[in-house]
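For reference, the structure discussed in these notes is given below.
A, B, ... follow the sequence lines: proteins, then strands. Residue 1 opens every chain. These numbers come from a predicted model, not from an experiment.
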Amino acid sequence: MAKVRGTGFAAVNYPTGMHLGGDPTQSLIHMTPAGDVVVTMASVDLGQGLRTVLAQIAAETLGVPYESVVVETADTDTGPHCTGTFASRTTHRAGNAVVMAAEEARKAMLEVAGELLEASPDDLETDGEGNIHIKGVAGKSVPVGEVAGAAHFAHGKSIAGRGAYLKPPSPMDPETGACDPDSTQAHACTVVEVEVDTETGAVEVIDVKSVYEVGQQVNPDLVKGQIVGGAWMGIGHTLYETTAPGYPAIDPAPVDFQNYLQPGAAETPEITCEVLEFPAASGPYGGKGVGEMVTNSPIPAIVNAINNALDVRITEIPVTPEVVLRALDEKAQAGG
Amino acid sequence: MESKLIRLTVNGREEAVVADPLATLQDVLRDSLELTAVKSGCGQGGCGSCSVLVDGELRLSCLTLAERVEGAEITTLEGLNETNAIVPLQQAFVENYAAQCGYCTAGMVMAAKALLDRNPAPSRDEIVEGLSGNLCRCTGFAPIVRAVEQAARALSGEEAS
Ligand code: FES
Ligand code: FES
């Protein structure tokens, strides 16, 4: 009886978005009299950072400071339609809608700025710091706040834009099964090392290393947060979490955190990742979705590492100590 | 059961609330005093999201009867700084992306504060132990542990200068 180590890996290709009845998200953007930008969405930020990402995209497209953008989300009664936060779709769909809305708002902003500067809108550029300049002419500029004030109080104009991104429906060919189910795909591979105690059946995850390809990252720190958090969720699903310990009986089911086990900081190893960027043609600034795939490859990688360590073939999760010890018993019986 | 007047010292202020004698500190803080940084992840001591300090000690407000802490100094996240400005510990959470949905965050910060107040230079294991009563479903804990390590460094630097 001993502690034995094993290594396992698993890879995933993950689709961004879905297509069944058509998959739209819309966006409305308007500028306040002071030159702040309000992006109105019905999309929901679950904590993955959607509001940060959409503010970045709006600021980049409009050419205004990130700090001047407010993203209002999650009123699904009154906001512009969003199909929802699922299918790793929201950065892609909502991001594309925001690009479209911001382009229209930028056009309206540059038209008013052109009147103030007595120049063609085509000859204007933004500096991303809150000013609009005449290209190549030093000293000829106007602050965005002044443009917004003039639009409201002198010109009677609205600086606003509408965005409507739609992935069209793609029905399946009944003969071949062919369809166009997603907009792009992200990829990942995870390598895990575990240590298994053959006496107690306890599994410790020693190391989790991943490589991801997620298109152009809109916000690398948020991408890393998804990858690290998702790998932790993978450890939880693989080793601890189950809603039905008496399966197939659903009673008793764990109904609280004392009985529904999850790993804590002590059970979580260093989780590292490398991220490669191959921008997606259809994505906002090349972005793909990275929300859900982050749990997919760690789970089979951990099970494979356990199988590698023990030379067994476990195919269920969670791999509790009981599952490990039963697998070792079976192996011993088969061998003996 | 008849309601009664409960007097509490919360974030340095004297408060008097009319509450059920069996009201938890969590109920009084959230519902009567609107200190909603105190979260309610489970209401039965399993998650740590309701963590507050009572006379500097970490306490689960969902398992504490309000009446029993009359006369004690109660600190919630809102009381970390009287001007409501972000303190170095919170700044470390921001810089390490130690919050996603944020539901655990206030409790994590209070647990980290209780730890750093009694042990300003904790080891990694001591941080893990100090946060062991607090659950997070989003971050995978590593960013939170890093935030507390950074806060410990920042706080000791501050004291040195
Ligand atoms: S709400 Fe108090 S521990 Fe969960
Ligand atoms: S950030 Fe969501 S529970 Fe910790």
Between B/Gly102, B/Cys136, B/Ala98, which residue shows the highest count of heavy-atom pairs closer than 4.5 Å to chain A? B/Cys136
Identify the two heavy atoms, one from B/Phe141 and one from A/Gln262, that lie closest to each other, and give their separation to 0.1 Å.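 Between these two residues, the closest heavy atoms are CZ-NE2, 4.3 Å.
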For B/Pro143 and A/Val228, the nearest pair of non-hydrogen atoms, with its separation, is CD-CG1, 4.4 Å
Give, for atom [atom1] of [X] and atom [atom2] of [Y], the distance between the pair rounded to the nearest 0.5 Å.
{"X": "A/Gln48", "Y": "B/Cys138", "atom1": "CD", "atom2": "SG", "answer": "9.5 Å"}
{"X": "A/Phe257", "Y": "B/Arg137", "atom1": "CZ", "atom2": "CZ", "answer": "7.0 Å"}
{"X": "B/Gln100", "Y": "A/Leu46", "atom1": "CD", "atom2": "CG", "answer": "10.0 Å"}

If you count heavy-atom pairs under 4.5 Å with chain B, which of A/Ala265, A/Ala266, A/Gly230 comes out on top?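 The residue among A/Ala265, A/Ala266, A/Gly230 with the greatest pair count is A/Ala265.
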What part of [X] gets closer than 4.5 Å to chain B, counting heavy atoms only: side chain, backbone, both or neither?
{"X": "A/Asn219", "result": "side chain"}
{"X": "A/Pro263", "result": "backbone"}
{"X": "A/Glu241", "result": "side chain"}

Are more than 12 heavy atoms from other residues, nucleotides or ligands located less than 6.0 Å from atom [atom1] of [X]?
{"X": "A/Glu267", "atom1": "CD", "value": "yes"}
{"X": "A/Arg51", "atom1": "CZ", "value": "no"}
{"X": "A/Tyr240", "atom1": "OH", "value": "yes"}

Write out, in numerical order, the residues from residues 35-69 of chain B with a heavy atom short of 4.5 Å from a heavy atom in chain A. B/Gly41, B/Cys42, B/Gln44, B/Gly45, B/Gly46, B/Cys47
Would you mind checking which part of B/Leu135 comes under 4.5 Å of any heavy atom in chain A, side chain (CB onward), backbone (N, CA, C, O), both or neither? both
Can you tell me which portion of B/Ser132 sits under 4.5 Å from chain A's heavy atoms? Options are side chain, backbone, both or neither. neither
Please identify each residue that fulfils ring pair (Phe, Tyr, Trp, His ring centres under 6.0 Å) with B/Phe93, with sequence neighbours left out.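 For B/Phe93, no residue satisfies ring pair (Phe, Tyr, Trp, His ring centres under 6.0 Å) once neighbours in sequence are set aside.
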